[in-house]
There are 2 protein chains.
Amino acid sequence: MVDVNSKDAASRSLETIQRQSSGDPAKPPRWDIIELLFFAYRDFVGDPDDVLDQFGFGRAHHRVVHFVHRYPGLKVADLLDVLRITKQSLGRVLKQLLDEGYIVQKSGEADRRQRLLFATAKGEALVAQLAGLQTDRINRALKDFTPVEVEAIGRFLSAMIDRNDPDKVLQVILSQASAKTDGRTNKT
Amino acid sequence: MVDVNSKDAASRSLETIQRQSSGDPAKPPRWDIIELLFFAYRDFVGDPDDVLDQFGFGRAHHRVVHFVHRYPGLKVADLLDVLRITKQSLGRVLKQLLDEGYIVQKSGEADRRQRLLFATAKGEALVAQLAGLQTDRINRALKDFTPVEVEAIGRFLSAMIDRNDPDKVLQVILSQASAKTDGRTNKT
DNA sequence: GAATTTACGTCAACCATATTGACATATCTT
DNA sequence: AAGATATGTCAATATGGTTGACGTAAATTC
């Protein structure tokens, strides 16, 4: 069992630490958000795992096929920026997805060195299935929230993301997110 | 570059998929939340990485020492529930943290088979430093939010977590989260 | 009190996913 | 023609996860 004197010991050490690290007791750690994020993400990414298993895939494959599906014509270099892994690491799982027909490559027209990536119907179906599971969880969670609250949640997640990031895909996502926010803000 | 006909192709294939998988066009995937969560969590857990590197540790060590610090007297079995890994996998990183003095074990008084885990001062300092980085990001993100909005964000994260989970630590966290919510709700 | 179950540890093999470093090829840019 | 860029590939290595088997001590049950 979790020791119920947790609160006791935790808060005692907390005070000590505050002074040690920053000397600013006005900025206590956000334990609540830190831990809620951990568990929320754990369960969120856990949903697709069983399905992926059936396909003989892992989370790496999910990430790749997801972003390729969502941003058709994505370059390999873009994908590396998004996933923040090396090309060698990407290579392995990308090759599997290509070999098994979830993704296809086309040479860029303007720059024929580029390999533009596209999801096949097979790839789209897989992404849709996985996104369906995650969407169900999200819809369940948002069931009793007002549109204004939902907007605030999106704005928070968006604000948690690094801005100084030359990631093309991220730019699209953030501009879409702020477009929605602007719309709502005007209405208010 | 991300192909700018993304929107085009993505929405075309989307309609197709909706009908395929569920036949319910009223439940489009929540692409926005799905992707915001991915990027937010990527950057959120990315903060501690550099510090951990300096200590010769990885994210696995972070998770272990974090929960031990936060819930002093945590049993090994509890930790396994929280982290959802096997004892063999936990064993490796736990042994390192014990050997290097970030964590200590005590036998349970009531049940002497149990090894209750406690963070040392060294362990607490590490957790505090890492939590400081993540707290900075959270505070930055929440800077312009109203208390009501912040409460909604916590409620959302909480609602994203599986309920049917006999995890003791999680029960504490969720009860704390709902306690806060209740307080605010009464005030409203 | 003996048998069984529980909590934990450990050995060993293996797998997925990541890394660094070196090098190759085709293509674009200068 | 020279150099830079986009991608692919070979090889070695690290981290963190898995399954399976087995051991020990302590609690529980019969």
Side-chain angles (χ1 to χ4, degrees), chain A residues 1-3 42 45-46 48-50 52-65 68 73-100 103-118 166 168, chain B residues 1-3 42 45-46 48-50 52-66 68 73-99 103-118 166 168:
Chain A
M1 325 284 146
V2 174
D3 207 326
R42 181 192 70 172
V45 299
D49 283 351
D50 296 330
L52 287 163
D53 250 26
Q54 295 174 344
F55 286 79
F57 290 147
R59 289 180 188 174
H61 302 86
H62 184 189
R63 293 194 287 268
V64 170
V65 74
V68 169
L74 203 62
K75 289 188 310 176
V76 168
D78 291 327
L79 207 40
L80 293 176
D81 284 345
V82 171
L83 302 180
R84 296 217 178 142
I85 57 177
T86 57
K87 63 178 172 180
Q88 294 89 330
S89 194
L90 173 60
R92 214 175 351 99
V93 355
L94 187 54
K95 196 169 188 310
Q96 286 180 271
L97 290 168
L98 288 166
D99 288 349
E100 301 184 30
I103 287 178
V104 289
Q105 287 181 327
K106 294 181 191 173
S107 294
E109 286 188 14
D111 185 338
R112 285 175 25 212
R113 292 171 303 180
Q114 300 174 351
R115 303 301 158 87
L116 309 186
L117 303 170
F118 299 85
K168 310 282 168 44
Chain B
M1 325 289 141
V2 175
D3 208 324
R42 182 193 70 172
V45 299
D49 283 350
D50 296 329
L52 287 163
D53 250 26
Q54 295 173 346
F55 285 79
F57 290 148
R59 288 180 189 173
H61 302 85
H62 184 189
R63 294 194 285 266
V64 170
V65 74
H66 170 93
V68 169
L74 203 61
K75 290 188 309 177
V76 168
D78 292 327
L79 207 39
L80 293 177
D81 283 344
V82 172
L83 302 180
R84 298 218 178 138
I85 56 177
T86 57
K87 64 179 173 181
Q88 294 91 328
S89 192
L90 174 61
R92 251 192 322 234
V93 345
L94 187 54
K95 196 169 189 307
Q96 284 179 274
L97 290 168
L98 288 165
D99 288 349
I103 288 177
V104 291
Q105 287 180 328
K106 294 181 192 173
S107 292
E109 286 189 13
D111 185 337
R112 285 178 23 214
R113 291 171 303 177
Q114 300 174 348
R115 304 301 157 85
L116 309 186
L117 303 170
F118 300 85
K168 309 282 170 41

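Both backbone and side-chain heavy atoms feed into the values below; hydrogens, waters and symmetry mates do not. Chain letters run A, B, ... following the sequence lines, proteins first and then strands; every chain starts at 1.
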Counting distance only, does the side-chain N/O of A/Arg84 pair as donor-acceptor with the main-chain N or O of B/Gly46 below 3.5 Å?
no

Side-chain N or O of A/Gln105 less than 4.0 angstrom from OP1 or OP2 on D/dG8?
yes

With a 4.5 Å limit on heavy-atom distance, are the side chains of A/Lys75 and A/Arg115 in contact?
no

Ignoring hydrogens and angles, are the base of D/dG16 and the side chain of B/Gln88 linked by a donor-acceptor pair under 3.5 Å?
no

OP1 or OP2 of D/dA25 sitting under 4.0 Å from any side-chain N/O of B/Arg113?
no

Closest nucleotide among C/dG9, D/dT7, D/dT19 to the B/Thr86 side chain
D/dT19

Would you kindly check whether a donor in the side chain of A/Arg92 faces an acceptor in the base of D/dG8, or vice versa, at under 3.5 angstrom?
no

Any N or O donor-acceptor pair linking the side chain of B/Lys95 to the base of C/dG9 at under 3.5 Å?
no

Side chain of A/Val76: nearest nucleotide among D/dA27, D/dT7, C/dT19?
D/dT7

Check this for me, if you would: do A/Arg59 and A/Asp49 make a salt bridge, where the nitrogen-to-carboxylate-oxygen distance has to be below 4.0 angstrom?
yes

Could you tell me the separation between the NZ atom of A/Lys106 and the P atom of C/dT27, rounded to a whole number of Å?
18 Å

Assign each of B/Lys87 and B/Gln96 to its nearest nucleotide of DNA chain D by heavy atoms, then name whichever residue's nucleotide is nearer the 5' end.
B/Gln96

From the options C/dT17, D/dA6, D/dG16, select the nucleotide whose nearest atom is closest to the side chain of A/Ser89.
C/dT17

According to a strict under-4.0 Å criterion, is A/Gln114 in side-chain N/O contact with OP1 or OP2 of D/dT5?
no

Let me know the distance between CG of A/Leu117 and C1' of D/dA6, rounded to the nearest Å.
12 Å

What is the separation between atom CG on B/Asp53 and atom P on C/dT19, rounded to the nearest whole Å?
12 Å

Interatomic distance where CG belongs to B/Leu52 and C1' belongs to D/dG16 [whole Å]
14 Å

Could you check whether B/Gly58 gets within reach of a base, just the sugar-phosphate, or nothing at all, counting any heavy atom under 4.0 Å?
sugar-phosphate

Minimum heavy-atom separation for A/Phe118 to A/Val68, with atom names?
C-CG1, 3.6 Å

D/dT15 C1' sits how many Å from A/Arg59 CZ, rounded?
15 Å

Heavy atoms of A/Val82 and B/Arg42 approach each other most closely as O-NH1, 2.7 Å

Rounded off to whole Å, could you give me the CG-to-P distance for the A/Leu90 and D/dT9 pair?
11 Å

Whole-Å distance between D/dT15 P and B/Leu83 CG?
19 Å

Find the distance B/Glu109:CD to D/dA26:P and express it as a whole number of Å.
15 Å

Under-4.0 Å side-chain N/O to phosphate OP1/OP2 contact, B/Arg63 with D/dG17
yes

